[in-house]
Q: 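One structure follows; several queries about it will come next.
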Amino acid sequence: MRKKAKGQVALPFEREPGPPVVTIEPGPERDHEVVIALGAWFDGAARDLPWRRTRDPYAIWLSEVMLQQTRVETVIPYFERFLSRFPTVRELALAELDEVLALWSGLGYYRRARVMHLAAREVTEHHAGAFPGDAAALRALPGIGAYTAGAVASIAFDRREPLVDGNVARVLSRLEGIDDDIRSAAGQKLLWQAAARLVPEARPGRFNQALMELGATVCTPRAPRCGACPVSGHCVARATGREEELPVIAPKREVPSVRMVAAVVWAGSRVLLARREEGGLFGGLWEPPMVPSDSIDEARTLLADAGIPATLALHEAGRVRHILTHRRMEVTVARAEVSEAWRCRAKLASPYEKASWLDPSASEVGVSTLARKIVSTASPSAAWAERARR
DNA sequence: AACACGGGGGA
DNA sequence: TCCCCAGTGTT
């Protein structure tokens, strides 16, 4: 095989070792064939998804934000609920952040919800409630990066804008034979160049979605179904037998483990929940107060400092394990009951901003999945189940 | 360039 | 258990 310059797509490719089997001739003609084949395939194979039934930029935007690092099947019910509660950007702008977070509860990456709320207010105030269709203007809104700007501009506004997400990176790295690390700056540059070169003037949104759909359903991370691929005849990876070797992705480091102890204090059906400061982990969400420690004594200290007279009643109710992208959490759950009369104002230090006695099943505020697990472990029914076992 | 930031589904 | 998903923003 001929030597290629770094960062340059080497075409035509030959299968090696051995004689050439397939030759791919790069150029506008091949690009055009890829566009045509992919578009036709998409028309027949596209899944019926809620956000494909609308042209409303607000709904498209909502779907794109929810879909950041999140699977389609996970997003669908959240998208329906959110849109039905906030049908327009104006209604989202007027909402309380706690209610927005409540609707996001369980979806993860909660900053997305906080920032969408901000962006909704910005659109309502500065764009008179109408979304900008220009990629650059979209990019200027908080929470909208290169991908989301390209997606909204091309899908909702028919702008000829490229987009590269995880699916597209995989598809293009194979189709073009890009063997730079797709997460590196160099790899990303090549991918965006390829995407920009390919995206057509006519129906750019359809092409971009076709690329993503192909990555999600055919050009999968493992065991790609090349037999079902509409562009396998144009694929460099296929032609060189490297379908399983691309994309190249640098290995990631291991995640540290953190031990926490949480205090779940019940007063009737209500639990003492604390709201985390906005900005950091689980920002703006409510949870039973917890501290990084292994010992229930630390939870006693936490409650004592907060002015809650439940320290003596606190006992271990179980353990919860929760995996995040960058952290593995092991939480010891301590539980106590106080009479309703003892329900009092609690004052908690950072990372908490305030505390309140709330019904955890009422879902009027945002609660993380970790917090749900903790409350569930320390719920009265769980306690009954525990007693019944003895 | 590295890191923070959730949660879940599939192999 | 590991991978990685319709990524963005900060350091």
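What you are looking at is a predicted structure, and each value in this text was computed from that prediction instead of being measured. Labels below follow one simple rule: chain letters A, B, ... track the order of the sequence lines, proteins then strands, and each chain is numbered from 1.
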Q: Quick one: is A/Arg253 getting a side-chain N or O under 4.0 Å of the B/dC3 phosphate, OP1 or OP2?
A: yes
Q: So, is A/His322 close to the B/dG7 phosphate, meaning a side-chain N or O under 4.0 Å from OP1 or OP2?
A: yes
Q: Can you find a side chain N or O atom of A/His326 that sits less than 4.0 Å from OP1 or OP2 on B/dC3?
A: no
Q: Please report the distance separating the C1' of C/dT10 from the corresponding atom of B/dG7, rounded so that it comes out in whole Å.
A: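 The answer is 22 Å between these two C1' atoms.
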Q: Which residue lies toward the 5' end of DNA chain C, A/Ile144 or A/Val72, if each is placed at its nearest nucleotide?
A: A/Val72
Q: Heavy atoms under 4.0 Å, any strand shown: does A/Ser63 hit a base, just sugar-phosphate, or nothing?
A: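 Result for A/Ser63 = nothing.
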Q: If you look at every strand shown and take non-hydrogen atoms under 4.0 Å, does A/Ile182 touch a base, only sugar-phosphate, or nothing?
A: nothing
Q: Classify the nucleic acid contact of A/Ala185 as base, sugar-phosphate or nothing, counting any heavy atom under 4.0 Å across all strands shown.
A: sugar-phosphate
Q: Is the Lys NZ or Arg CZ of A/Arg112 less than 6.0 Å from the centre of A/Tyr109's six-membered ring, within 45° of the axis?
A: no
Q: For A/Thr369, which contact category applies under a 4.0 Å heavy-atom criterion: base, sugar-phosphate, or nothing?
A: sugar-phosphate
Q: Report the C-alpha distance between A/Glu298 and A/Ser295 in whole Å, list the side-chain angles of each, state the deciding distance to 0.1 Å, and finish with yes or no for side chain to side chain donor-acceptor pair (under 3.5 Å).
A: CA-CA 6 Å; A/Glu298 289 295 328; A/Ser295 158; 5.7 Å; no
Q: Calculate, to the nearest 0.5 Å, the distance between atoms CH2 and CD1 belonging to A/Trp51 and A/Ile155 respectively.
A: 11.0 Å
Q: Please determine, for B/dC3, whether a Watson-Crick or G-U wobble partner exists with both distances under 3.5 Å, and give it or none.
A: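 By the stated definition (distances under 3.5 Å), C/dG9 pairs with B/dC3.
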Q: At under 4.0 Å between heavy atoms, what does A/Arg183 touch on the DNA or RNA strands: base, sugar-phosphate, or nothing?
A: nothing
Q: Among side-chain atoms of A/Gln68 and A/Thr148, is any donor-acceptor pair under 3.5 angstrom?
A: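 Checked: A/Gln68/A/Thr148 side chains pair up, N/O donor to acceptor below 3.5 Å.
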Q: If you take atom types as modelled and just measure distance, does the side chain of A/Thr70 reach the base of B/dG6 with a donor-acceptor pair under 3.5 Å?
A: yes
Q: Anything under 4.0 Å to a heavy atom of chain A counts; send over the first and last such nucleotide of DNA chain C, read 5' to 3'.
A: C/dC3 to C/dG9
Q: Give me the residues of residues 101-125 of chain A where at least one heavy atom lies under 4.0 Å from an atom of DNA chain C, by number, or none.
A: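 When residues 101-125 of chain A is checked for heavy atoms under 4.0 Å from DNA chain C, the hits, listed by number, are A/Arg111.
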